[in-house]
Asks: 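Questions regarding the structure given below will be posed in turn.
As the structure lists them, so they are numbered: ligands from 1, and atoms in each ligand from 1.
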Amino acid sequence: MTDFPFSIVGFDLDGTLCDTAADLGNALNRTLEYAGRQTFPLDVVRRFIGGGSGQMLRNALAESGGYDEAEFKPLQDRLFTYYGEAIAVHSRLYPGGAEMLDALATRGVTVAVATNKREEFARQLLDELGLSPRFATIIGGDTLGPGKAKPAPDMLEEMITRCGGGRAAFVGDTTFDIGAARAAGLPVVAVSFGFHDLPPPLLGADAVIDHFDALVPTLTALG
Ligand SMILES: O=C(O)COP(=O)(O)O
Ligand SMILES: [Mg+2]
């Protein structure tokens with residue numbers, strides 16, 4: 001036992017645990033090229049990420065001339081194929097991530113992932129990076145069915161149940177994460193290095209960290 005105030009810490013994946021923008025961007029741009037659309041630089045792709053990869057494609061199609069549903073579905077299938085082929089070429093934990101996960105493990109904390117990414121991709125990415133065994137559960141944006149992805153509270157409530165109950169906090173990078181944590185009544189820390197859709201101080205988190213070194217002390221202070 002330690003005096004760390006949380007027994008469960010949940011993490012968003014894209015833009016929080018891992019910088020996945022380059023691999024997501026490559027799959028997206030291959031799809032847009034196939035569709036005869038303009039492609040987007042990484043700093044624009046980052047703004048499209050947060051609501052899941054299907055939503056990322058919708059955002060890109062909307063910004064490159066619009067689309068209709070009949071066009072969307074086959075392009076989404078193509079995006080998923082491209083992404084699954086090259087999901088962990090560039091994607092890595094953000095600096096200090098492994099040490100931070102070790103520090104939480106040392107304190108007996110159960111860690112989990114709650115991502116709007118499709119569960120199969122979250123698992124594939126974490127498997128390819130050798131990280132899956134660290135997490136008690138991995139919940140994706142499609143795991144609980146339509147309408148349950150972040151910012152709804154359901155994924156975080158499910159995470160706590162799967163982790164056996166206890167005091168939980170969440171860590172994320174976008175309004176989807178802060179909204180879900182608020183809806184579930186959890187303290188939430190934002191990471192300033194993510195793909196944030198608002199400037200980090202405006203996300204409404206309880207704290208903002210610039211490096212994973214700061215997570216354990218920040219959560220300790222929030223407790
Ligand atoms: O892939 C996305 O768009 C969102 O994924 P995240 O919830 O892990 O940020
Ligand atoms: Mg994210």
Side-chain angles (χ1 to χ4, degrees), residues 9-29 31 40 42-63 72 76 79-80 82-84 86-88 90-94 97 111-129 131-132 134-135 137-144 147-156 158-159 170-184 186 188-200 203-205 208-209 212 215:
V9 177
F11 291 88
D12 170 62
L13 181 50
D14 293 305
T16 299
L17 277 174
C18 293
D19 185 353
T20 53
D23 291 324
L24 280 166
N26 285 345
L28 176 66
N29 283 330
T31 307
F40 292 97
L42 260 194
D43 57 327
V44 177
V45 171
R46 282 193 190 91
R47 278 201 286 113
F48 294 155
I49 304 171
S53 46
Q55 187 60 46
M56 172 182 73
L57 177 61
R58 287 183 190 280
N59 294 340
L61 292 171
E63 276 206 35
F72 175 72
Q76 179 175 248
L79 171 74
F80 290 163
Y82 290 153
Y83 191 48
I87 199 169
H90 303 287
S91 298
R92 296 290 179 270
L93 276 177
Y94 280 102
V111 294
V113 170
T115 169
N116 278 352
K117 219 176 183 62
R118 288 156 56 96
E119 182 180 330
E120 77 177 288
F121 287 141
R123 288 187 183 280
Q124 185 185 344
L125 173 62
L126 292 168
D127 281 351
E128 289 193 23
L129 294 178
L131 295 170
S132 296
R134 288 179 175 265
F135 298 100
T137 189
I138 297 166
I139 301 172
D142 59 336
T143 303
L144 303 179
K148 310 278 190 185
K150 298 175 289 183
D154 305 70
M155 289 169 57
L156 302 193
E158 175 72 10
M159 172 189 86
F170 195 62
V171 185
D173 70 321
T174 67
T175 54
F176 293 87
D177 304 307
I178 281 65
R182 289 282 170 250
L186 304 187
V188 59
V189 174
V191 295
S192 67
F193 44 80
F195 308 154
H196 41 80
D197 46 355
L198 283 180
L203 283 169
V208 179
I209 58 169
F212 274 135
L215 186 61

Asks: Which protein non-hydrogen atom lies closest to atom 5 (O) of ligand 1, naming both residue and atom, and how far is it?
Replies: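 Ranking protein heavy atoms by distance from atom 5 (O) of ligand 1, first comes D14 OD2, 2.8 Å.
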
Asks: Would you mind listing which atoms of ligand 1 come within a distance below 4.0 Å of any non-hydrogen atom of I49?
Replies: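 Near I49, meaning under 4.0 Å from one of its heavy atoms, ligand 1 has 1 (O), 2 (C), 3 (O).
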
Asks: List the steps and the verdict of side-chain contact (heavy atoms from CB on, under 4.5 Å) for T20 and F195.
Replies: CA-CA 10 Å; T20 53; F195 308 154; 3.7 Å; yes

Asks: Can you list the atoms of ligand 1 that are under 4.0 Å from a heavy atom of G52?
Replies: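 In order of numbering, the contacting atoms are 1 (O), 2 (C), 3 (O), 4 (C).
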
Asks: Looking only at atom types and distance, does a side-chain atom of D173 sit under 3.5 Å from a main-chain N or O of F193, one as donor and one as acceptor?
Replies: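 Here the side-chain-to-backbone pair does not exist.
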
Asks: Please could you name the atoms of ligand 1 that K117 approaches to less than 4.0 Å, counting only its heavy atoms?
Replies: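 It comes down to these atoms of ligand 1: 5 (O).
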
Asks: Check the angle between the aromatic planes of F121 and Y83 and answer parallel, tilted or perpendicular using the 30° and 60° thresholds.
Replies: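 The rings of F121 and Y83 stand perpendicular, inter-plane angle above 60°.
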
Asks: Tell me, which N, O or S atom in D14 is closest to the Mg ion (ligand 2)?
Replies: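 Of all N, O or S atoms in D14, the Mg ion (ligand 2) lies closest to O.
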
Asks: Looking only at atom types and distance, does a side-chain atom of R118 sit under 3.5 Å from a main-chain N or O of F80, one as donor and one as acceptor?
Replies: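 Flag not set: sc R118 to bb F80 has no pair under 3.5 Å.
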
Asks: At a 4.0 Å threshold, what atoms of ligand 1 neighbour a non-hydrogen atom of G51?
Replies: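 Selected atoms, number and element: 3 (O).
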
Asks: Nearest 0.5 Å, please: how far is CG in L24 from CZ in R46?
Replies: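 With rounding to 0.5 Å, CZ (R46) is 11.0 Å from CG (L24).
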
Asks: Taking only heavy atoms of L13, which atoms of ligand 1 are found under 4.0 Å from at least one of them?
Replies: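 By the 4.0 Å cutoff, the relevant atoms are 8 (O).
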
Asks: Consider only side-chain N and O atoms of Q124 and E128, and report whether a donor and an acceptor are under 3.5 Å apart.
Replies: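 There is such a pair between these side chains.
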
Asks: Between Q55 and ligand 1, which residue portion shows a heavy-atom distance shorter than 4.0 Å: side chain, backbone, both, or neither?
Replies: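 Looking at Q55 and ligand 1, no heavy atom falls under 4.0 Å.
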
Asks: For atom 8 (O) of ligand 1, what is the closest protein heavy atom, and at what distance to 0.1 Å?
Replies: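 It is T115 OG1, 2.5 Å.
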
Asks: In D12, which N, O or S atom comes closest to the Mg ion (ligand 2)?
Replies: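 For D12, the N/O/S atom sitting closest to the Mg ion (ligand 2) is OD2.
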
Asks: Checking E63 against N59: is there a side-chain donor and acceptor pair closer than 3.5 Å?
Replies: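 No - no donor-acceptor pair under 3.5 Å links their side chains.
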
Asks: Would you please say whether a donor-acceptor pair under 3.5 Å links the side chains of T174 and D197?
Replies: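 Checked: T174/D197 side chains show no N/O donor-acceptor pair below 3.5 Å.
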
Asks: For ligand 1, which atoms, with element, lie under 4.0 Å from some heavy atom of K150?
Replies: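 The atoms of ligand 1 under 4.0 Å from a heavy atom of K150 are 7 (O).
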
Asks: Taking 2.8 Å as the cut-off, does an N/O/S atom of D173 lie below it from the Mg ion (ligand 2)?
Replies: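 Looking at D173, which is the residue asked about, there is an N, O or S atom under 2.8 Å from the Mg ion (ligand 2).
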
Asks: For atom 6 (P) of ligand 1, which protein heavy atom lies nearest, and how many Å away is it?
Replies: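 Going atom by atom, the protein heavy atom closest to atom 6 (P) of ligand 1 ends up being D12 OD1, 2.7 Å.
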
Asks: Between V171 and V9, is a side-chain contact (heavy atoms from CB on, under 4.5 Å) present by the stated rule, with each step listed?
Replies: CA-CA 8 Å; V171 185; V9 177; 4.0 Å; yes

